[in-house]
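What follows is one structure encoded as structure tokens, with my remarks underneath.
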Amino acid sequence: MPSVQSRITHQFSLPKTSSEMASIEKFLQFQDDVPCKIRAKRGCATHLRNIAERVRRTKISERIRKLQELVPNMDKQTNTSDMLDLAVDYIKDLQRQVKVLKETQANCTCPASKSQQHSC
């Protein structure tokens with residue numbers, strides 16, 4: 001039986017044959033496939049899914065900010081669900097206003113409105 005010293009020396013020595021090298025390469029490739037459980041610094045994702053999720057959340061946040069700019073009286077402290085409800089209500093109100101304006105224009109009997117309709 002080999003001594004502890006010789007086993008340690010063998011364990012840390014460079015591979016001598018191509019089969020030893022191939023087995024080491026296979027082991028290293030296997031290590032790359034297994035997700036690593038490294039503790040990341042705050043704000044630094046290590047896994048691709050976590051990075052993709054952060055990108056997705058960032059895009060959503062940017063679009064919510066754009067929506068806040070478009071919809072009047074939307075408080076920045078409001079949660080996302082309430083913001084979306086406010087935006088839907090605002091859009092529905094705008095659609096009602098457009099409908100009323102179209103009906104008013106269609107029912108208008110003044111000569112100026114008739115000439116504008118035909119010129120469009």
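Computed from heavy atoms alone, side chains included, the values below leave out hydrogens, waters and symmetry copies.
- Between R56 and E53 a salt bridge is recorded (basic side-chain N to carboxylate O distance below 4.0 Å).
- Linking Ile, Leu, Val, Met, Phe, Trp and Tyr residues whenever their side-chain heavy atoms come within less than 4.5 Å leaves V88 and L67 in two separate clusters.
- With sequence neighbours left out, the side-chain hydrogen bond (donor to acceptor under 3.5 Å, both in side chains) criterion links D89 to no other residue.
- Hydrophobic clustering, with ILVMFWY side chains joined whenever heavy atoms are under 4.5 angstrom apart, groups L94 together with V71.
- When each of R96, Q95, K102 is tested with V98 by the rule side chain to side chain contact (heavy atoms under 4.5 Å, CB included), just one qualifies, namely K102.
- Linking ILVMFWY residues whenever their side-chain heavy atoms come closer than 4.5 Å, directly or via other members, places Y90 and L84 in the same cluster.
- What you find for M83 and M74 is that their closest heavy atoms are O-CE, 3.3 Å.
- Applying the side-chain hydrogen bond (donor to acceptor under 3.5 Å, both in side chains) criterion to E103, with sequence neighbours excluded, gives no partner residue.
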Candidate pair N50 and R54, rule side chain to side chain contact (heavy atoms under 4.5 Å, CB included), full reasoning: CA-CA 6 Å; N50 295 344; R54 175 176 294 130; over 6 Å; no
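- Heavy-atom minimum distance, T80 versus I64: CG2-CD1, 3.8 Å.
- Residues H47 and I51 form no side-chain contact, since every pair of their non-hydrogen atoms from C-beta on lies 4.5 Å or further apart.
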